[in-house]
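Naming: A, B, ... by sequence-line order, numbering from 1 per chain. Remember, it's a predicted structure, so these values are computed and weren't measured experimentally.
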Amino acid sequence: MKFGLFYELSVPRPWTRESERTVYNNALEQVKLADELGFDYVWAVEHHFLEEYSHCPAPELFLTAAAMVTRRIRVGHGIVVCVPEFNHPIKIAEKTAVLDILSGGRLDVGTGRSATWTELGGFNADPDLTKQTWDEFVRCLPKMWTSERYSYQGQFWSMPERAILPKVYQRPHPPMWVAVTSPGTELDAADRGLGSLGLTFGMFAEQEKKIAEYRRRIQLCNPVGDFVNDTVATVNFLYCHEDEKTGYETGRRMADTFNYLATQLISARELYPTRSYQSLGLLPQLRRQATGPDAGAQGGDGLCFGSPARIINALQRWQSVGVDCVNFLLNANEVIPQADVLASIRLFAKEVMPAFRKPVVA
Amino acid sequence: MPLFGTLDASTATTLPVMPNLDTEAWSLPDAEILQCAFEVGGDSLALLPRAMHPAIPFYVSIWVTRYPESPVGAFTLAQVRIVGRAGAHPRGFVLCAVASTAGAVSALRDRWGFPATLGAVSLMRYHDRVVGKVVRDGATILDCALVHPELLSPGDVQYIASVTLADVVENGGTRRSIVQVDPDYTLKRAERGRPSVTAFDAAAWNASGVVFRHPVSASITVCDTDLPRIRFVMDPDLPAYRGTRRVR
């Protein structure tokens, strides 16, 4: 099993001149340490206008900085919004190629389409069309990376033949993923040979079913790229502490804070009735998790906070349902002091990671 | 921590008085609901109780509804809500309501705390639009429309529950409370279109300062609505996660 960090970069009010800079610097310090300790990935989201919840509109810049202070950890664009009002596909191809070069071929590219009215409305994007634009973008991107010259006539964008430069450093190209929040998106990922970048905290039984269907479907996929990324990642919270009670309570506080902030967001469907966002998706699920009858018991069912032994147990269960990689949120709105976050990372690397890095005995 | 509303509930006047919280449920079959949503500017925080967080961007949801059957007979109802969050839950805070019959006004005030007044409320369908109009005291205080309706699946429409501000008679006194009104909707038909407002008297809707900035969406549905018994009330001055009380 592989492990990563996952950044929303939430910034608590009151906002001062230094508060955003502090959050970014803390994150970079965490990434540097994680790289030294053997974590596999650092992912950063693309979000816009989401007050407090995420101040990370330019993940490629954060990830470039991360790549400059690390040597081995992979940098994940998690995700780039494949909606033309947000990002032109040529710019996506160019910027990701530059990041792949600067990171020495350590880039993974997650793709998605945004799920909040705050963002979609802010860019005047049509929620009805985002699934279609995403589909068009992900089919173009690998070809833009790998073709000497490229031209395209599509429904949502077109270009005459040009050389899109630079080319990605990795050969044939960086692994590609899809953000999976809405039920059914894992099937879209499988059909296109893309990795499933899970962004929900669903429980074991729900995830097991999704992963089994993903594995079944991806065997017969028509990959959009030059290879199939048959990988399932999920997201989790991490707070590891020697004392079980301290670890649990601190992690719980972080999870509650994150969920509470997330529930303040306006889902696309809350304001704009559309077929394109039919399923419940992330936000209602988080509302249930934050306030439902099971809210107090979430930590006992797969969330990674508490003692190393408890976290090992949770991760073994995730592994047993087919998860290949777990990406961790380390903080939310800076409710955990930076020194404690760093200590949690160190303890995780020392006590938990070895349980999943044992050599396979034939 | 997210922003909070700044409305000092103690300064509100002419609030509904609910004799108790023993409201019986109502079934309202085959209701037609026109909803128009707009992002708004102005000091929207001042319209929300301190218990609630604003939705960001601030937005207002206008409802014009025709109820062909109810325990008080057929009536039409218009309401203007500013949408926020009670803790983690999306809720539309009802700024003002206008109902077409005295029986409906009385029942909605007494049973669910709607700040309802009497007026002429109409919901009219034309070939290219559905128009909601409210006239009170001889003045048009609302003229809104869904323009160019297109069919959707009923499952594509999501309604946000309401909350009202009322004085509730309890234990021999009155307690100023936010009352949760969370109907069940069984949608049978749904259409979506572009929202339009040609007349809106903000002051008449207790929405002084609200300025319509950006039209978002409009929907018209046919649905069975079950107005519920009161389940939760909140202290208007405490964050909802601390000040919510379960009634039943």
Please find the pair of heavy atoms, one from A:Pro273 and one from B:Val157, that lie closest to each other, and give the distance. CB-CG2, 4.0 Å

Between B:Met1 and A:Thr257, is any pair of side-chain heavy atoms under 4.5 Å apart? no

Heavy-atom closest pair, residues A:Ser267 and B:Gln158: OG-OE1, 4.5 Å

Is it the side chain or the backbone of A:Leu261 that comes within 4.5 Å of chain B heavy atoms, both, or neither? side chain

Distance col, row B:Leu3:CG vs A:Arg13:CZ, nearest 0.5 angstrom, shows 3.5 Å

Check whether any side-chain heavy atom of A:Thr263 sits under 4.5 Å from a side-chain heavy atom of B:Pro90, and report yes or no. no

Which atom names give the shortest non-hydrogen contact between B:Gly87 and A:Tyr260, and what distance separates them? CA-OH, 3.2 Å

Between B:Tyr159 and chain A, which part of the residue has a heavy atom less than 4.5 Å away: side chain, backbone, both or neither? neither

Considering residues, nucleotides and ligands other than A:Arg21, do more than 12 of their heavy atoms fall under 6.0 Å from its CZ? no

Heavy atoms only: give me the nearest B:Leu151-A:Arg275 pair and the separation to one decimal. O-NH2, 3.1 Å

Going by an N to O cut-off under 4.0 Å, is there a salt bridge joining B:Arg85 and A:Glu270? yes

Rounded to the nearest 0.5 Å, how far does OG of B:Ser217 lie from CH2 of A:Trp117? 7.0 Å

Whether the side chain of A:Thr118 engages the backbone of B:Ile56 through a donor-acceptor N/O pair (distance < 3.5 Å, no angle test) should be reported. yes

The interface call for B:Glu39 against chain A, heavy-atom contacts under 4.5 Å, is side chain

Value rounded to 0.5 Å, distance of CG in A:Asp256 from OH in B:Tyr241: 11.5 Å

B:Lys188, NZ atom: more than 12 neighbouring heavy atoms under 6.0 Å: yes

Quick check on the interface: out of B:Pro2, B:Ala190, B:Ala218, B:Ala55, who has the most heavy-atom pairs with chain A under 4.5 Å? B:Pro2

Specify the closest pair of heavy atoms between A:Leu271 and B:Val216, including all atoms of both residues, with the distance to one decimal. O-CG1, 3.7 Å

